[in-house]
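Structure, as structure tokens:
Side chains included, hydrogens not; waters and symmetry mates left out as well; all remaining heavy atoms used. Bear in mind the structure is a predicted one, so any value in this text is a computation, not a measurement. We name chains A, B, ... by the order of the sequence lines, and we start the count at 1 in each one.
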Number of protein chains: 2
Amino acid sequence: MATRTRRSQRRTEALSRQRIVEAAVQLLDAAGEGGLTFRALTERLATGPGAIYWHVANKSELLDAAADAVVAAAVALKPAEPPGAPPGEIRAVALGLFDAIDEHPWLATQLAMQLSRSPWGSVTTRIFESIGQRVRALGVPDGNLFTATSALVHYILGAVGQNAANTRVDGLHVDRGEFLDAVSTAWEELDPDDYPFTRAVVDQVREHDDREQFLAGIDFVLTGITALHLPSGQACTPPAA
Amino acid sequence: MATRTRRSQRRTEALSRQRIVEAAVQLLDAAGEGGLTFRALTERLATGPGAIYWHVANKSELLDAAADAVVAAAVALKPAEPPGAPPGEIRAVALGLFDAIDEHPWLATQLAMQLSRSPWGSVTTRIFESIGQRVRALGVPDGNLFTATSALVHYILGAVGQNAANTRVDGLHVDRGEFLDAVSTAWEELDPDDYPFTRAVVDQVREHDDREQFLAGIDFVLTGITALHLPSGQACTPPAA
DNA sequence: ACCTGAACACCGTTCAAGT
DNA sequence: ACCTGAACACCGTTCAAGT
């Protein structure tokens, strides 16, 4: 029944793990998380499922590899920019991830799932390393590097996870204005007794700029690290317990 | 073939959405994310799939409801504690979530997926409201409430998402020492040219305390918010761009 | 060593039929 | 209004067989 839109090119190159991962990324980009199935993959690669299983262990590993490929490209800073000061580079790396998720919305869910499933998998470690190098350059003492970097990475992963969906719902790109309207409307219908705060800030959700807000959060964490762990920041005290 | 271990009690109460959600939470607690299937659910509830679909729209909605039930209980502070100062209450709410994920490890993945799939769903909004009320009590000016609260919530969601898996891998509880050993070993085998930072902090991962580190991140964000948005904090300056 | 493709076990979901 | 349960479409994965 299906019109059998045969891929024009028969297989020219041999199958390889890399070719499979590339195809997986393309399918995810085209149709979202639901778009990656072994059947779609076999059709696109003009092969059978057994051939794919020769190169990758299972679907989970394939998703990991797809996410890793995209993240690796994202955290590699464009050499266009000069080295720059550490705080600026941290913002640049974070924005690289932010933009990668804008281009590959499935990456948000995938990052989140990998974070919770295998917390120190290749993707998480890659981001940790990239941020950590710059935190060290900031002058944070050795003993506090792990804590400071973890805090930054956790904030970044939490924030990009949510912001991804600000431009899409269930894999469909939606107008940002419409999306925020829907959120505002939903919030206005919340019980005023249970949700006084949310209702009070309903206007701010419409006006806010995703990138600005994302960077503001980075600055909170950086300021906290500076104040609590850098000699120059000792003037600042944390809020009393 | 299956030994048909009949649930001793035939159905006594009528089916209801709440009873279904409770059963879902129990299945998730017992067998992890893979443990919740409509077949397991029908068996436990002694009914057919159609009966369940009468009360919930689909599996996604059921997972949402299960997560919401657990989170609602977690962010409701025990009234044992006196109201207390805002920063302390923020830490208490955050730790409530932290502990809930310890008890229900599947919640980490579920929170992450909901965050990326429907960023302002009921669970996210519940956490946002709970934290937001306390950020306001902190004295943050109205115009900055949304940004400050979002940053805190993003950090919390990123951090609890990862810390969940520190005690479990693929749904199995594992010894924390063994787990950290495995991470350390894996890190020591990373390429020293590509991962100088990660290799340098490998010892800190073994010594660190999850809760302490989680709270340290909260303090970074709180200190940043205080420094950048509270009149009393103006002495602190953010790191230069 | 690498690939084929039929087959298997399992899943979420539907729906005509009952009460 | 609420429940039953067979059936459907689809999925990840396996494996004996080919080259």
Side-chain angles (χ1 to χ4, degrees), chain A residues 1-4 6-7 9-24 27-28 30-67 106 109-110 113-114 117 170-171, chain B residues 1-4 6-7 9-24 27-28 30-67 106 109-110 113-114 117 170-171:
Chain A
M1 216 55 72
T3 32
R4 283 298 256 154
R6 276 230 154 279
R7 300 252 137 235
Q9 89 282 31
R10 300 304 262 134
R11 181 123 50 83
T12 59
E13 300 174 76
L15 217 49
S16 69
R17 187 183 158 92
Q18 180 183 319
R19 265 176 54 83
I20 293 170
V21 172
E22 283 168 7
L27 283 172
L28 288 164
E33 355 227 336
L36 179 60
T37 67
F38 276 82
R39 276 156 184 85
L41 210 48
T42 54
E43 202 191 336
R44 178 176 272 259
L45 293 169
T47 183
I52 294 172
Y53 276 94
W54 178 261
H55 294 278
V56 301
N58 48 45
K59 187 176 182 179
S60 175
E61 188 189 293
L62 181 55
L63 278 165
D64 278 13
W106 52 271
T109 307
Q110 200 47 37
M113 294 218 28
Q114 281 195 48
R117 246 200 261 278
D170 287 328
Chain B
M1 216 54 75
T3 32
R4 283 300 255 155
R6 277 229 154 281
R7 300 253 138 233
Q9 90 280 33
R10 300 304 261 135
R11 178 121 52 80
T12 58
E13 299 174 76
L15 217 49
S16 70
R17 186 182 158 94
Q18 180 183 319
R19 264 176 54 83
I20 293 170
V21 172
E22 282 168 6
L27 284 172
L28 288 164
E33 356 227 337
L36 178 59
T37 66
F38 276 81
R39 275 159 184 84
L41 210 50
T42 55
E43 201 190 338
R44 179 176 271 261
L45 293 169
T47 181
I52 295 173
Y53 277 95
W54 178 260
H55 295 278
V56 301
N58 50 43
K59 187 177 182 179
S60 176
E61 187 189 294
L62 181 54
L63 277 165
D64 279 13
W106 53 271
T109 307
Q110 200 48 36
M113 295 220 26
Q114 282 195 49
R117 245 199 262 279
D170 288 326

Next on the checklist: Under a 4.0 Å threshold between the charged nitrogen and the carboxylate oxygen, would B/R44 count as salt-bridged to B/E22?
Outcome noted: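 Here B/E22 does not pair with B/R44 in a salt bridge, since their nearest N and O are not under 4.0 Å apart.
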
Atom-to-atom span, [atom1] of [X] to [atom2] of [N] - whole angstrom:
X: A/R39; N: D/dG12; atom1: CZ; atom2: P; result: 7 Å
X: B/F38; N: C/dA9; atom1: CZ; atom2: C1'; result: 19 Å
X: A/Y53; N: D/dG12; atom1: OH; atom2: P; result: 7 Å
X: B/E61; N: C/dG12; atom1: CD; atom2: P; result: 15 Å
X: A/L41; N: D/dC11; atom1: CG; atom2: P; result: 12 Å
X: B/E43; N: D/dG5; atom1: CD; atom2: P; result: 13 Å
X: B/L15; N: D/dC3; atom1: CG; atom2: P; result: 5 Å
X: B/L45; N: D/dG5; atom1: CG; atom2: C1'; result: 16 Å

Checklist entry - Hey, does B/I52 reach any base, or is it just sugar-phosphate, or nothing, if we go heavy atoms under 4.0 Å? => result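 Here B/I52 touches no strand at all.
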
Checklist entry - Heavy atoms under 4.0 Å, any strand shown: does A/L36 hit a base, just sugar-phosphate, or nothing? => result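 It contacts sugar-phosphate atoms only.
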
Next on the checklist: Give me the atom names and distance for the closest heavy-atom approach of B/L45 to B/A23.
Outcome noted: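 Taking every non-hydrogen atom into account, CD2-CB, 3.9 Å.
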
Next on the checklist: Restricting to non-hydrogen atoms, name the atom on A/A40 and the atom on A/G35 that form the minimum distance, rounded to 0.1 Å.
Outcome noted: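 Nearest heavy atoms, A/A40 then A/G35: CB-O, 3.9 Å.
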
Item to check | Assigned partner base of D/dC10, Watson-Crick or wobble definition, under 3.5 Å | outcome: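 D/dC10 is unpaired by these criteria.
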
Checklist entry - Can you tell me the Watson-Crick or wobble partner of C/dG5, both distances under 3.5 angstrom? => result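 By the stated definition (distances under 3.5 Å), D/dC15 pairs with C/dG5.
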
Next on the checklist: With a 4.0 Å cutoff (strictly under), does any side-chain N or O of B/H55 reach OP1 or OP2 of D/dA1?
Outcome noted: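 No, because none of the side-chain N or O atoms of B/H55 sits under 4.0 Å from OP1 or OP2 of D/dA1.
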
Next on the checklist: For C/dC3 and A/W54 - does any side-chain N or O of the residue sit under 4.0 Å from the phosphate oxygens OP1/OP2?
Outcome noted: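 For A/W54, the contact criterion (side-chain N or O under 4.0 Å from OP1 or OP2 of C/dC3) is not met.
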
Checklist entry - Is the number of heavy atoms from other residues, nucleotides or ligands within 6.0 Å of CD (B/E61) greater than 12? => result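 Yes, the 6.0 Å shell around CD holds more than 12 heavy atoms from other groups.
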
Next on the checklist: Starting the side chain at C-beta, find the nucleotide from C/dC11, C/dT4, D/dC11 nearest to A/T37.
Outcome noted: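 Between C/dC11, C/dT4, D/dC11, the one nearest the side chain of A/T37 would be D/dC11.
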
Item to check | Options D/dC3, C/dT14, C/dG12, nucleotide nearest the side-chain atoms of B/P49 | outcome: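 For B/P49, the side-chain atoms sit closest to C/dT14.
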
Item to check | Candidate pair A/D64 and A/Q110, rule side chain to side chain contact (heavy atoms under 4.5 Å, CB included), full reasoning | outcome: CA-CA 8 Å; A/D64 278 13; A/Q110 200 47 37; 4.1 Å; yes

